[in-house]
Engineer: 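Here's a structure for you.
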Number of protein chains: 2
Amino acid sequence: MVTIRDVAKESGFSAATVSIVLNNAPLAHYIPATTKARIQKAAKKLHYRPNVIARLLRSKRSHTVGVIVSDVTDPFCIPVLRGIDNVLYPASYLPILVDIHNQRERFERHLEMLLDRHVEGLIMVANWLFVDINLLGDIEKRNIPAAIIGRELKGSISSVMVDNEAGARLALEHLYSLGHRRIAFIRGPTTLADTVPRWRGIQSFARSAKLRIDSRLIMDLPNSLDPNSSFENGYRLTAALLKTRARFTGLTAFDDLSAFGAMRALEKGGVRVPQECSVVGFDDVAPSMLSLPSLTTIRQPLQAMGASAASSVLEGVDAVFEKRLLVSSHRKMLPELVVRESTRPAPRLF
Amino acid sequence: MVTIRDVAKESGFSAATVSIVLNNAPLAHYIPATTKARIQKAAKKLHYRPNVIARLLRSKRSHTVGVIVSDVTDPFCIPVLRGIDNVLYPASYLPILVDIHNQRERFERHLEMLLDRHVEGLIMVANWLFVDINLLGDIEKRNIPAAIIGRELKGSISSVMVDNEAGARLALEHLYSLGHRRIAFIRGPTTLADTVPRWRGIQSFARSAKLRIDSRLIMDLPNSLDPNSSFENGYRLTAALLKTRARFTGLTAFDDLSAFGAMRALEKGGVRVPQECSVVGFDDVAPSMLSLPSLTTIRQPLQAMGASAASSVLEGVDAVFEKRLLVSSHRKMLPELVVRESTRPAPRLF
DNA sequence: TCCCGAAGTTCGATTTAAATG
DNA sequence: GCATTTAAATCGAACTTCGGG
């Protein structure tokens, strides 16, 4: 391991001068070009790499950002992570990713680990979060810039969300404009933050279009710690609904996975999608494009959301560094209707 | 920030004694219980947390393992990461995940970042790796235990792979036993390591079963840096094959994504899956269970593979720490046929 | 000689204060 | 905002050595 002292010896200057030159510190202004050149050459010759740990101990800057994900197996996360990476990488920041499996205990332990490693910022991906996170304490106290994706928190933590209400409205509007009038709904789990605004969007559109919502066509996903459970639950609920012989030509699901479950139940029940029943999802996760029929859905700009969160955290980091005021931002991103194969004009009614 | 000196002051002992007691160092043997208790109490009272960075600077142990992934958007990765996490977390090791987007430049830069941060071990997930990695140099030189998933490298780096040949044999055997005789094949890209052994498995089974392979039914995925491209390419290739009016009742795809592409082309071409044509994939990624029809495929024990790689790296870390010899392991895991809805007994021939 | 505890050095860089031309 | 360079203190913990009872 070659240290700064080795470079000092090689170049004939002191360690202090080497440090000043290589870091281009303010004092480097006073140092003549010849000295600089000799130091640079010595460093290159010895393949000197500064010890990040030693530097961090002294300077407090780790150039890392902690990323806490509630569950990586949720396909929702992947594009978000890409978005984060796309912002952090050019800025030479390293994301440190931890997966809390939706467990409170893991959340606390991982948060500690991240703080112990002096992350300069924190991003939380709360896509499917049931654990109650009153983390405000630790984080705000330490003055660490933080952002959360998929939730809004009071306090100094920035947030990036999709406009759930608008998205749900888009979904229903799409079915309505295709002529569907008898529409079934799979709502989200009660403890999930997205559930309420999405349903509000549904109701708001229904009211404005004078569409009657039949309460017998409303299903609710149960609470679960596993984001992937909504596939199976979507299947079960829809299968049960079919058994009641209730009639409908369209179905709006809480998310893409429950939409897949619903499609499967419909097909098994002899109802063809989209010929006899249209299905709309929410999220636009990767499998939506692959499925047969491919899924019409409401796209969340996941990559952009990740990038936005990362940007505001980096801004916060700069602010802290320059001792400026930390202002939190709360962005609401626009969802987008993606029409694929799972929706069609309403049939006569089956 | 409360330091060890604060605890020393609070307890009335010196920093050295505090360090010895709190780390339960060998010398702690000589220290009376009363002293220990007073120090423990002081530490608790002040909420003392040792500074990981300072400790690391001195002790060289970072309790982190670098995880290099060729592309996180590949659904293949997720269960692997889970497996890694499941081993690292209980051992109090933190994985530091980097995504190289299949780019050589990113690989090099990220590897440097990880080494700079003194990771104690390295795991590479080479699911879809086209960049040439002659990393042996840096890694072996530094004596860092490493493991690679999905590839075999000569040298001291451990590897965990699925038995590709056996897997391909299983796939073909399944179709054969269902009565299929005219079978189409989507082979992998030439630069991917899995391609050759899988094709060898196909040929080996064909030979032993005296099954004729029609070369007009063989398709090859083009080289691409994007793991998700095989969906579209599977679609294109299969659509083109259908245009030739060649006949077949079964199709073996290189991976699940190309199988999805093939299924879509078949359906669009008016060939129903599985009634008129059976399709088998490879990998068993998450969407395989969701699709309609769900995909019969060869499962790679991804989570177990991740866990295995993590275990051998941790073993290596222990070995290095105790100055024992570093032995590399090369594990080959057994694939498993998962029968779902996309395969059926052969029809009369369409 | 045996315990117990403290003083001081080390890890590798950053940074301040000061010395010198 | 002399210009140029450096010795020494610092970051926080770990470890080695040494002295007193």
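Owing to the predicted nature of the structure, the values given are computational and were not obtained by experimental measurement.
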Engineer: Please give, in whole Å, the distance from D/dT10 P to A/Ile53 CD1?
Structural biologist: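 Computing the A/Ile53:CD1 to D/dT10:P distance gives 23 Å.
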
Engineer: Compare the minimum distances between each of D/dG12, C/dC11, C/dA13 and the side chain of B/Thr3, then state the nucleotide with the smallest one.
Structural biologist: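 Among the listed nucleotides, the one closest to the side chain of B/Thr3 is D/dG12.
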
Engineer: Cation-pi between A/Arg106 and B/Tyr89: NZ/CZ under 6.0 Å from ring centre and within 45° of the ring axis?
Structural biologist: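 Yes.
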
Engineer: Do you see a donor-acceptor pair shorter than 3.5 Å between the side chains of A/Thr17 and A/Ser14?
Structural biologist: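 Short answer, yes.
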
Engineer: Within 45° of the ring axis of B/Phe13 and under 6.0 Å from its six-membered ring centre, is that where the NZ or CZ of B/Arg38 lies?
Structural biologist: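 Judged by the rule, B/Arg38 and B/Phe13 form no cation-pi pair.
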
Engineer: Using a cut-off of strictly less than 4.0 Å, decide whether B/Ser59 has a side-chain nitrogen or oxygen near OP1 or OP2 of D/dA13.
Structural biologist: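 No, because none of the side-chain N or O atoms of B/Ser59 sits under 4.0 Å from OP1 or OP2 of D/dA13.
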
Engineer: Once you apply a heavy-atom cut-off of 4.0 Å, does A/Tyr30 come out as touching a base, just sugar-phosphate, or nothing?
Structural biologist: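 Base contact - A/Tyr30 has a heavy atom under 4.0 Å of at least one base atom.
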
Engineer: Roughly, in whole Å, what's the span from CD1 in B/Ile31 to P in C/dG5?
Structural biologist: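 Value for this atom pair: 6 Å.
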
Engineer: Evaluate A/Asp71 against B/Arg82 for salt bridge (charged side-chain N to carboxylate O under 4.0 Å, His left out), listing each step before the verdict.
Structural biologist: CA-CA 10 Å; A/Asp71 190 327; B/Arg82 254 298 154 82; 3.0 Å; yes

Engineer: From the options C/dG5, C/dA13, D/dA13, select the nucleotide whose nearest atom is closest to the side chain of B/Tyr48.
Structural biologist: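 Selected nucleotide: D/dA13.
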
Engineer: Without decimals, in angstroms, what is the distance between B/Leu56 CG and D/dC11 P?
Structural biologist: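 My rounded result for the distance is 19 Å.
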
Engineer: Distance alone, cut at 3.5 Å: any donor-acceptor contact between the side chains of B/Glu120 and B/Tyr93?
Structural biologist: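 Indeed, the side chains of B/Glu120 and B/Tyr93 share at least one donor-acceptor pair under 3.5 Å.
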
Engineer: Find the distance B/Ile4:CD1 to D/dT10:P and express it as a whole number of Å.
Structural biologist: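 Going from B/Ile4 (CD1) to D/dT10 (P), I get 18 Å.
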
Engineer: Taking only N and O in the side chain of B/Lys60, is any of them less than 4.0 Å away from OP1 or OP2 of C/dG12?
Structural biologist: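 Result: yes.
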
Engineer: May I ask you to check whether B/Ser92 and A/Arg109 show a side-chain donor-acceptor distance below 3.5 Å?
Structural biologist: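 Present: a donor and an acceptor within the cut-off.
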
Engineer: Nearest-Å distance, CZ (A/Phe13) to P (D/dT5)?
Structural biologist: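 To the nearest whole Å, that distance equals 5 Å.
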
Engineer: Tell me the interatomic distance from A/Ile39, atom CD1, to C/dT14, atom C1', rounded to whole angstroms.
Structural biologist: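 Taking CD1 of A/Ile39 and C1' of C/dT14, I get 15 Å after rounding.
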
Engineer: Can you tell if the side chain of B/Val313 reaches within under 4.5 Å of the side chain of B/Leu88, non-hydrogen atoms only?
Structural biologist: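 A side-chain contact is absent here, since even the closest heavy-atom pair is not under 4.5 Å.
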
Engineer: Nearest-Å distance, CZ (B/Arg61) to C1' (C/dC11)?
Structural biologist: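 Distance check: B/Arg61 CZ to C/dC11 C1' gives 17 Å.
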
Engineer: Do any of residues 14-23 of chain B sit with a heavy atom less than 4.0 Å from DNA chain D, and if so which?
Structural biologist: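 Those residues are B/Ala16, B/Ser19, B/Asn23.
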
Engineer: Under 4.0 Å between a side-chain N or O of A/Arg58 and OP1 or OP2 of D/dT10?
Structural biologist: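 No, A/Arg58 has no side-chain N/O under 4.0 Å of OP1/OP2 on D/dT10.
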
Engineer: Select from A/Gly12 and B/Arg55 the residue whose nearest nucleotide in DNA chain D is closer to the 5' end of that strand.
Structural biologist: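 The residue closer to the strand's 5' end, by nearest nucleotide, is A/Gly12.
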
Engineer: Separation of B/Asn24 atom CG from D/dC15 atom C1', in whole Å?
Structural biologist: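 It is 15 Å, rounded to the nearest whole Å.
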
Engineer: Quick check: on DNA chain C, is the nucleotide nearest B/Leu27 upstream (toward 5') of the one nearest B/Leu57, or the reverse? Name the residue that is more 5'.
Structural biologist: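 Checking each residue's closest nucleotide, the 5'-ward one belongs to B/Leu27.
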
